[in-house]
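Note on naming: letters A, B, ... go to the chains in the order of the sequence lines (proteins, then strands), and numbering restarts at 1 for each one.
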2 protein chains.
Amino acid sequence: MSTELFYVVKYRTRQRDAVLRVVTEEGKPLSAQKIIERADQLCPGIGAATVFRTLKQAVESGEVSKVELPGLAPHYEIATADHHHFFVCENCHELQPLEGCLDDLSKLLPIGSRMKHHEIVIFGECSNCLER
Amino acid sequence: MSTELFYVVKYRTRQRDAVLRVVTEEGKPLSAQKIIERADQLCPGIGAATVFRTLKQAVESGEVSKVELPGLAPHYEIATADHHHFFVCENCHELQPLEGCLDDLSKLLPIGSRMKHHEIVIFGECSNCLER
DNA sequence: ATGGGTGCAAATTGTTTGCATTTTA
DNA sequence: TAAAATGCAAACAATTTGCACCCAT
C-alpha cells in the first residue's frame, strides 16, 4: 500500500519534475530544445508543451532564470543569487558562467537615461574546442 | 526617350534601394519588421521576402551590420568602422548607440578560452520615456 | 465530480525558399 | 534573350494555445 501511494505521488509530478531536474543538474543554461531532448530521455513521451509550460511557470515563480543572449534562443538555468554573465563558445555553442563583473558601465550611459540592468557577453572558443 | 530611360533605370532599383535607404536614414538599428513597414511606405507593395533578401545580401557584402541583442529580434544598421554597443529602452524598445567601451573584459575570461569579440548591452529607460 | 496536469494538434510569429513572372541589360 | 529582381504562397522552426482527457483528491 505505501509503495503504491509513493508511486502515485511520483506519477503526479513526474513530468514537471523531470524538467526542473534537467535544468538543475546541468549547472549552466540550456536551450528549450536541449531541455526537451533531455527531459524526454528521463520521461519518454513528454510533450514539448509541458516543458514550455513548466519553464514558464518556473521562471514566473523565480525558481528558474531565463537567460537571453544575442543571437541565441533563450536559455534556462536554476536561479542563483549572484550576478553573473556568460561566455559563449561560437564553435560548440555551450555557455559558461563568468565570475565577476565590470562596475563602471554607467560611464557609457546616454545622458538623461536610467540604467536598470545590463548584459555582458564574451564570444570566442572554449578550452574544450581549442584543444582539438 | 531620355526621360523614359531614366524612369526605367530608377524602376530597376526601387525596391532594394528603398530598403537600404530606410536603414541608412534611421541612424540606429531597426528590426526587420520596422524596416518592412517603412520600406512599404516608400515603395508600396514591396514584399517582405525582398526586404529580407536585400538585408541578407547587404550584410554579406558588409554594407549593413546585423545587430543581435538579448531578447530582441535582430536589428540592422548601416555598417560603421567604429566599435560600439547599445542602450535598449525597455519601455519603447528603441536602441541608442553608445560611445566608448570597456577594455578590461579579458579579466572575466575563463581559463584556456580565447575571446573573439564581446557584447555589452545596457537596459533601462531612455530620456524620452522618462520625461513623461 | 472537480480541478490541475498532460499530450496532441492547430495557431502564431518571424523568416526563408521555390517558382513563375517581370524587368533589365 | 539570358540574368537578376520581385511577389506570392508554401515551407519552416520555435513557441503558444485550445481542447479533450486522464488521474488524484
Side-chain angles (χ1 to χ4, degrees), chain A residues 1-23 29-61 63-64 66-76 93, chain B residues 1-23 29-61 63-64 66-76 93:
Chain A
M1 276 314 196
S2 63
T3 57
E4 192 186 340
L5 178 60
F6 179 65
Y7 177 76
V8 164
V9 169
K10 267 194 85 181
Y11 182 83
R12 164 121 158 61
T13 49
R14 227 175 9 168
Q15 286 82 348
R16 352 194 75 243
D17 274 358
V19 174
L20 292 184
R21 208 175 317 140
V22 167
V23 173
L30 293 175
S31 68
Q33 296 306 317
K34 272 261 181 344
I35 295 169
I36 290 170
E37 188 183 302
R38 300 203 189 168
D40 188 61
Q41 289 164 359
L42 271 111
C43 192
I46 189 172
T50 298
V51 176
F52 279 109
R53 272 187 290 239
T54 305
L55 287 173
K56 193 175 187 184
Q57 287 161 9
V59 167
E60 277 160 11
S61 76
E63 203 174 349
V64 164
K66 186 175 188 175
V67 176
E68 298 192 307
L69 298 178
L72 298 178
H75 281 55
Y76 301 86
H93 301 110
Chain B
M1 276 311 200
S2 63
T3 56
E4 192 186 341
L5 178 60
F6 178 67
Y7 178 76
V8 165
V9 169
K10 265 194 86 180
Y11 183 83
R12 159 111 158 70
T13 48
R14 229 172 10 166
Q15 286 82 348
R16 350 196 75 242
D17 273 0
V19 174
L20 292 185
R21 207 174 317 141
V22 167
V23 173
L30 293 175
S31 68
Q33 297 306 315
K34 272 259 181 351
I35 295 169
I36 290 170
E37 187 183 302
R38 300 201 189 168
D40 189 60
Q41 290 164 359
L42 271 116
C43 190
I46 190 172
T50 298
V51 176
F52 278 109
R53 272 187 291 238
T54 304
L55 288 173
K56 194 175 185 186
Q57 287 161 8
V59 168
E60 276 160 12
S61 76
E63 204 174 348
V64 164
K66 186 174 189 177
V67 176
E68 299 192 307
L69 297 178
L72 299 178
H75 281 55
Y76 301 86
H93 300 111

Atom of B:Pro70, atom of A:Glu68 and distance for their closest heavy-atom approach: CB-O, 3.0 Å

Value in whole Å for how far the P atom of C:dT24 lies from CG of B:Asp17: 13 Å

Strand contacts (DNA chain C) in residues 33-46 of chain A, 4.0 angstrom heavy-atom criterion: A:Gly45, A:Ile46

Phosphate OP1/OP2 of C:dT6 contacted by A:Gln15 side-chain N/O (<4.0 Å): yes

Sugar-phosphate, base or nothing in reach of A:Ala32, heavy atoms under 4.0 Å: sugar-phosphate

Gap between atom CZ of A:Arg16 and atom OG1 of A:Thr54 - 0.5 Å precision: 4.0 Å

Exercise: identify the closest heavy-atom pair between A:Leu42 and A:Arg21: CD2-NH1, 2.8 Å

Closest to side chain of B:Arg53, choosing from D:dT15, D:dC8, C:dT6: D:dC8

Nearest-angstrom distance from the residue atom CG of A:Leu72 to P of D:dA13: 18 Å

Minimum heavy-atom distance between A:Ile36 and A:Phe52, given as atom pair plus value: CD1-CE1, 3.8 Å

Contact under 4.0 Å: B:Lys56 side-chain N or O vs C:dT17 OP1/OP2: yes

Heavy-atom pair of closest approach, residues B:Val23 and B:Tyr76: CG1-O, 4.1 Å

Residue B:Thr50, side-chain atoms from C-beta onward, closest of C:dG7, C:dT17, D:dG7: D:dG7

Results of side-chain hydrogen bond (donor to acceptor under 3.5 Å, both in side chains) for A:Arg53 - residues two or more places apart only: none

Atom-pair distance (CG on B:Leu55; C1' on D:dT6), nearest Å: 15 Å

Separation of atom CZ in B:Phe52 from atom P in D:dG7, rounded to whole Å: 14 Å

Distance below 4.0 Å between B:Arg16 side-chain N/O and D:dA4 OP1 or OP2: no

